[in-house]
Amino acid sequence: MSVPQGAPAGPDRISDVLLRPVTAGRLQLRNRVVFSAHTTNYARDGKPSPRHLAYHRERARGGVGLIITEGIRVHPTSSGRDNTISGFDDAVVEPLAELVRTVHAEGAKLAAQLLHIGRQSGAHLDLTPAWGPSELPWAPTGRRPHAMTRSDIAELVEAFGAAAGRMVRAGVDAVEVHLGHGHLLQQFMSPATNQRDDEYGGSLDNRLRLSHEVLRAVRAAIGPDFPMIVRISGEEFLPGGLTLDDMLEVVATLRAEHDFDVLHVSHAAYAAGYTLATQMADMTFASGAFRYVPEAFKREFPDLPVLAVCRIDSLQLAADFVAGGAADLVAMTRAHIADPYLIRKHLTGDGEASRSCIACNEGCVGRLERGLPITCVVNPEAGMEREWSALRAAARAAGRRRVLVVGGGPAGLAAAAAAAEAGREVTLVERETELGGATRFAARMHGRDRVGLLAAEQARALAAAGATVRLGHQITAEEILAEDWDGVVIAVGARDAACGFTARRVYTPTEVLSGAVLGARVAVVDEDGSWRGAGLAAHLAHAGHEVTLVSPHGVPGWRITMYSRPSLVKLLTDGKVTVHVNRVPTGWTDAGLVVVDPVGGREEYIACDDVVYAGPRVADTGLARALADSPLADRVVTVGDAYAPRGLLEAAFDGRLAGLTVAARTATADAVRPLVGRL
């Protein structure tokens, strides 16, 4: 495969390096950008749904070269829940064929990923048995899987072949076989998860036996000339697991026997611990942090097309991967969830209007762990394209109206931009001298800087839409009532709660991030469960303080997604933070902060100079209450933390919905009705 070589690509070289037609094995693509497989939870009855069609249509229309479906389960024991795609049923063929036609109509190609998730299965359908090579659960609290028999293995191999045949009948352009991410085939491959003593365990040759059998079955089903992609984890990041050198040997062994077109190089294993955080690397990792993994395979196998993935956040970085010889194709998946039109905007010269993935993991994998459909903080329309499109059309058709938005945080900015883009005359008033609300402080924390991108890009979109912004003014209800507004959005946020105990000096997270000078020893009390508590403890440790983190619950940062929590734990560990869980602070003595074990009632003392209390925030309801009985009441919508303190995801969703609601002259309940069933 011909790869453009040379210095890292500049903005003027992105099109030449990244966006020209390319041949990868037997796959011919319009460019090198891939929207890779990721679970969406959009399926209905095990089949692709109209929601899938709209979701992938937008990414194909936006310009990606190849879309790879989410993992299509090859066997009932891999279903896990009822909103995934079942490749073991002939009923999948026609809905999948419709998805193929949808993607082809927009100029992209579609590959189907086949997998069995193995021991992770059964999370929601508790009566579904989990299969694995051995009786090792994926997490300490996970269920022990059934150690597969030879008969089970034969059934699995046949299921992979049968599913591959269905994919061909549906008209996909390629089949991807998933050998990575700690799913079943990797579980057999890895010494960390395979404790068998038969021909499928022990030596590397034995542990690879199942992968060989599956690849042979898939090739037999799809025919000798059909494109095949093999996805691997190039490094497990798991004690006793597969290393990069191990996987280089694995790929050499697979290539010697099997004919495949693209090697899709990811990393990690789906297992409790730090490895899981690397798989869905959040903003605590640098962009492109795992470049060295695909690069090693490209160096070892220069004639094999390599697809790189994970935190390739921009077209500039993607072009750098290709120009620098790290990969031939690049997966920009979360980047295209955030903005499906990255490529089109670049080609039309409108790249400044693009939205960046902030790698927060809240709307995508954070919802997956709860079995919910994915969406996006940056792009609340992700996964609900049809419903939002209808609401935007109604807003644009409603005629010119004057809209006031009070508050310039993420909810207010989203509301103002949505209304202005729909053609309304929008004025946003913010009491501070800069926009961003709580994100201004969150972005100052160590490892959380990408939060600042959200407000910056929202503000840029607001300016481009022609809204009027007034900073440094706290507007009153009397001022609002003195003018004729067609709609008012209250998005004034929330305030830090006062703690319920006394201490020598107690600070809020906002005060700390605003520059409060703290002593050498700091106790952080986390009663909020978000990055505001545990993340702030890591931030202070990174700044050189001796930090103790106190949580009334069994785990710090309990509201942070499990896909990001291991990276938080690493930050705390690296900062030598002392953690006390199941401890409730009650007061202060000369010995320090008093905490109580709620089970045994024993008091303990934490020596510290200062206390930071990260408690649940309190909605700022004053302005909304002042307008509640006014003549304007039926035109006022309160959103974000001012309505109920939550997170960035909810603020962005609330704000966008409110902006379009007031623009369309639609009652909030009427607007949310077509969306709520999709949330």
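Within a 6.0 Å sphere centred on OH of Y643, heavy atoms belonging to other residues, nucleotides or ligands number 12 at most. Other residues, nucleotides and ligands contribute only 12 or fewer heavy atoms inside 6.0 Å of the CG atom of D629.
Side chain of R460 to backbone of S354: a donor-acceptor contact under 3.5 angstrom is found. Not one N or O on the side chain of R505 forms a donor-acceptor pair closer than 3.5 Å with the backbone of D610. Looking at D339, its side chain never comes within 3.5 Å of a backbone N or O of S356 through a donor-acceptor pair. In terms of modelled atom types and a separation under 3.5 Å, the side chain of D654 and the main chain of G640 share a donor-acceptor contact. Judged by distance alone, with hydrogens and angles left aside, the side-chain atoms of R431 form no donor-acceptor pair with the main-chain N or O of H473 at under 3.5 Å. Checked by atom type and distance alone, the side chain of R617 never pairs as donor or acceptor with a backbone atom of A497 at under 3.5 Å. One N or O on the side chain of T508 and one on the backbone of E511 form a donor-acceptor pair closer than 3.5 Å. No donor-acceptor pair closer than 3.5 Å links the side chain of T375 to the backbone N or O of G363. In this structure, the side chain of R51 engages the main chain of G383 through a donor-acceptor pair within 3.5 Å.
Judged by distance alone, the side chains of S36 and T333 do bring a donor and an acceptor atom under 3.5 Å apart. Defined by atom type and a distance below 3.5 Å, a donor-acceptor pair is missing between the side-chain atoms of H56 and E106. Side-chain contact check for E70 and Y42: no donor-acceptor pair (N or O, by modelled atom type) lies under 3.5 Å. A donor-acceptor pair shorter than 3.5 Å can be found between the side chains of E369 and T561. Using modelled atom types and a 3.5 Å distance limit, the side chains of D526 and S551 yield no donor-acceptor pair. A donor-acceptor contact under 3.5 angstrom links the side chains of D528 and S530, judged on distance only. In summary, the side chains of N361 and R334 do present a donor paired with an acceptor at a separation below 3.5 Å, with no hydrogens or angles considered.
Each of S567, S564, C360 was evaluated against M283; a single residue qualifies, C360, per the side chain to side chain contact (heavy atoms under 4.5 Å, CB included) test. With V612 as reference, V512 is the one residue of V525, V512, L549 to meet the side chain to side chain contact (heavy atoms under 4.5 Å, CB included) rule.
With respect to the salt-bridge test (charged N to carboxylate O, under 4.0 angstrom), the residues R402 and E483 qualify.
The ring pair (Phe, Tyr, Trp, His ring centres under 6.0 Å) test applied to H38 returns F35, Y55, not counting sequence neighbours.
Not less than 6.0 angstrom separates the ring centroid of H539 from the ring centroid of H446.
Both the sub-6.0 Å distance and the 45° axial angle are satisfied by R448 relative to the ring of W531. With F290 as the aromatic partner, R311 does not meet the cation-pi criteria of under 6.0 angstrom to the ring centre and within 45 degrees of the ring axis.
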